[in-house]
Amino acid sequence: MAASQDVLSREDFLAALRGLSHRYWGTHPFHQRMHAGELSEHELRTWAANRWYYQCMLPQKDAAIISNCPLPEVRRHWLDRIVYHDGRTEGEGGAESWLRLCQAVGLSREEVLDQRHVAPGTRFAVDAYVTFARQQPWIIGIASGLTEMFAGHLMRQRVADVLANYAWIRREDLAYFTTRIDKVAGEGKETVDLVLEHCVTRELQDAAVAALSFKCDVLWSMLDSIERAAAKG
């Protein structure tokens, strides 16, 4: 156990977390090519179909975090994330918005839902993330999601660049991103506050930084897999 004097200050702990921003998947070559308008329709379809697997597994990841959390106030708050992605009724929620984007790039709902295009590497990375959330202490599972700190700006840029470079995609097709930009900013701040409040030992602080690093690896591995799968097509 680290000595109490080794505990990072709130400012230093936050700086260590934010210092991982360069590891976020916005810097991956595949995303760089997307923003530059260099992806083919096939590459966009491969990306959308594989990213679907990540989107549909997020509620299970969040449910795993809740199952490990003994604090009812946190569980009540975190439940909103599951509802956001799954919707309160059929045909609503972030997952449905992602399906609309898949259709906009030329995929049928059937081929997205049956996951026929999901690459093994994508499935492995996403499943590892869900398993991580199940096995780690709840606050470390939450810390792994601090990629939210880096997401808002990237989403704004993605909407602008996709609309500018891919003429067949309309703004309404990007509802997943346009409706999530403001929400992810609020969620990101709430998540940071939770992690800063509950990671009160150096051991927990180091575990939180490692968890965020792991999440960056998961996202990067997804794009590696998507890039390889698209090249084979």
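Predicted model only: the values in this text are computed from it and were never measured.
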message = Quick check: do Thr179 and Tyr84 have side-chain heavy atoms less than 4.5 Å from each other?
response = yes

ask   = Quick one: CZ on Phe30 to CZ on Arg228, what's the gap to the nearest 0.5 Å?
value = 12.0 Å

request  = Check Pro59 against Asp86 and note the closest heavy-atom contact, atom names and distance.
outcome  = CG-OD1, 3.3 Å

ask   = Are any of the side-chain heavy atoms of Leu146 and Val195 separated by less than 4.5 Å?
value = yes

ask   = Is the side chain of Tyr53 donor-acceptor paired with the backbone N or O of Asp127 at a distance under 3.5 Å, no angle test?
value = no

inquiry  = To check you understand the geometry: which heavy-atom pair defines the closest contact between Arg116 and Asp114, and what is its length?
reply    = NH2-OD2, 2.6 Å

task = Specify the closest pair of heavy atoms between Ala125 and Met222, including all atoms of both residues, with the distance to one decimal.
result = CB-CG, 4.1 Å

query = Would Phe132 end up clustered with Leu204 when hydrophobic side chains under 4.5 Å apart are linked, directly or stepwise?
reply = yes

ask   = Under a 4.0 Å N-O cut-off, is there an ion pair linking Glu111 with Arg45?
value = no

For Arg134, all residues meeting side chain to side chain contact (heavy atoms under 4.5 Å, CB included), sequence neighbours excluded = Gln60, Ala64, Val130

task = Classify the ring geometry between Tyr54 and Tyr129 as parallel (under 30°), tilted (30 to 60°) or perpendicular (over 60°).
result = parallel

Under 3.5 Å: donor-acceptor pair, side chain of Asn50, backbone of Ala119 = yes

message = Do Trp220 and Val218 land in one hydrophobic cluster if side-chain heavy atoms of ILVMFWY residues count as linked below 4.5 Å?
response = no

message = Using side chain to side chain donor-acceptor pair (under 3.5 Å), reason through Gln157 and His35 one step at a time and then give a plain yes or no.
response = CA-CA 8 Å; Gln157 192 63 46; His35 284 263; 5.2 Å; no

task = Go through the steps for Trp47 and Leu39 under the test side chain to side chain contact (heavy atoms under 4.5 Å, CB included), then give the verdict.
result = CA-CA 10 Å; Trp47 165 74; Leu39 296 186; 5.5 Å; no

message = Looking at every heavy atom in both Thr46 and Ile226, which two are closest together, and how far apart are they?
response = CG2-O, 3.8 Å

ask   = Would you say the side chains of Ser213 and Arg23 form a donor-acceptor pair under 3.5 Å?
value = yes

query = Is there side-chain contact between Asp173 and Gln103, with at least one heavy-atom pair below 4.5 Å?
reply = no

key: Main-chain N/O of Leu99 paired with Arg109 side-chain donor or acceptor, under 3.5 Å   = no

message = Counting C-beta onward and ignoring hydrogens, is there a side-chain heavy-atom pair between Asp193 and Lys189 closer than 4.5 Å?
response = yes

message = With a 3.5 Å distance limit and no angle check, can you tell me whether Gln32 reaches the backbone of Gly26 through a side-chain donor-acceptor pair?
response = yes

key: Ser144 OG to Lys61 NZ distance, which is reported to the nearest 0.5 Å   = 6.0 Å

task = Answer with yes or no whether the hydrophobic clustering places Met57 together with Trp138; edges join I, L, V, M, F, W, Y residues whose side-chain heavy atoms lie under 4.5 Å apart.
result = yes

note = Here the gap from Arg51 atom CZ to Leu223 atom CG, rounded to the nearest 0.5 Å, amounts to 8.5 Å

message = Could you check whether atom CZ of Arg171 has more than 12 heavy atoms from other residues, nucleotides or ligands sitting under 6.0 Å from it?
response = no

ask   = Which pair of non-hydrogen atoms, one from Glu197 and one from Val200, has the smallest distance, and what is that distance?
value = O-CG1, 3.2 Å

request  = Could you walk me through whether Gln115 and Cys56 pass the side chain to side chain contact (heavy atoms under 4.5 Å, CB included) test, one step at a time?
outcome  = CA-CA 11 Å; Gln115 301 176 9; Cys56 74; 4.1 Å; yes

ask   = Under a 4.5 Å cut-off applied to non-hydrogen side-chain atoms, are Arg81 and Thr191 in contact?
value = yes

request  = Report the distance from atom CE of Met34 to atom NE2 of His28, rounding to the nearest 0.5 Å.
outcome  = 11.0 Å

ask   = Under the 3.5 angstrom rule, does the side chain of Asp62 hit a backbone N or O of Asp80 as a donor-acceptor pair?
value = no

inquiry  = For Ile66 and Ile82: C-alpha separation, side-chain torsions, deciding distance, then whether side chain to side chain contact (heavy atoms under 4.5 Å, CB included) applies.
reply    = CA-CA 10 Å; Ile66 287 176; Ile82 298 175; 3.9 Å; yes

key: Asp6 backbone acceptor or donor facing Arg202 side chain under 3.5 Å   = yes

ask   = Is Phe177 close to Ser97 at the side-chain level, that is, under 4.5 Å between some pair of heavy atoms?
value = no

query = Looking at CE of Met155 and CG of Leu174, how far apart are the two atoms once the value is rounded to the nearest 0.5 Å?
reply = 11.5 Å

message = Please check: side-chain N/O of Gln205 versus main-chain N/O of Leu8, any donor-acceptor pairing under 3.5 Å?
response = yes

Ion pair Arg18/Glu11, N-O distance below 4.0 Å = no

query = Counting distance only, does the side-chain N/O of His85 pair as donor-acceptor with the main-chain N or O of Gln55 below 3.5 Å?
reply = no

query = Is there a chain of hydrophobic side chains (I, L, V, M, F, W, Y, each step under 4.5 Å between heavy atoms) that links Leu58 to Phe124?
reply = no

query = Does the side chain to side chain contact (heavy atoms under 4.5 Å, CB included) test come out yes or no for His198 and Leu71, once each step is laid out?
reply = CA-CA 11 Å; His198 291 279; Leu71 305 177; 3.7 Å; yes

message = Is there a path of hydrophobic side-chain contacts, each under 4.5 Å between heavy atoms, that joins Leu212 and Leu196?
response = yes

query = Rounded to the nearest 0.5 Å, how far does CD of Glu172 lie from CG of Leu101?
reply = 12.0 Å

query = Is there a donor-acceptor pair closer than 3.5 Å between any side-chain N or O of His153 and the backbone N or O of Phe150?
reply = no

task = Please answer whether the main-chain N or O of Ser221 pairs with a side-chain N or O of Ser225 as donor and acceptor at a distance below 3.5 Å.
result = no

key: Neighbour count above 12 (heavy atom, 6.0 Å) for Glu90 CD   = no

Shortest non-hydrogen contact between Ala230 and Glu43, atoms and distance = CB-CG, 3.8 Å

request  = State, with a plain yes or no, whether a side-chain heavy atom of Cys199 is found less than 4.5 Å away from one of Phe13.
outcome  = yes

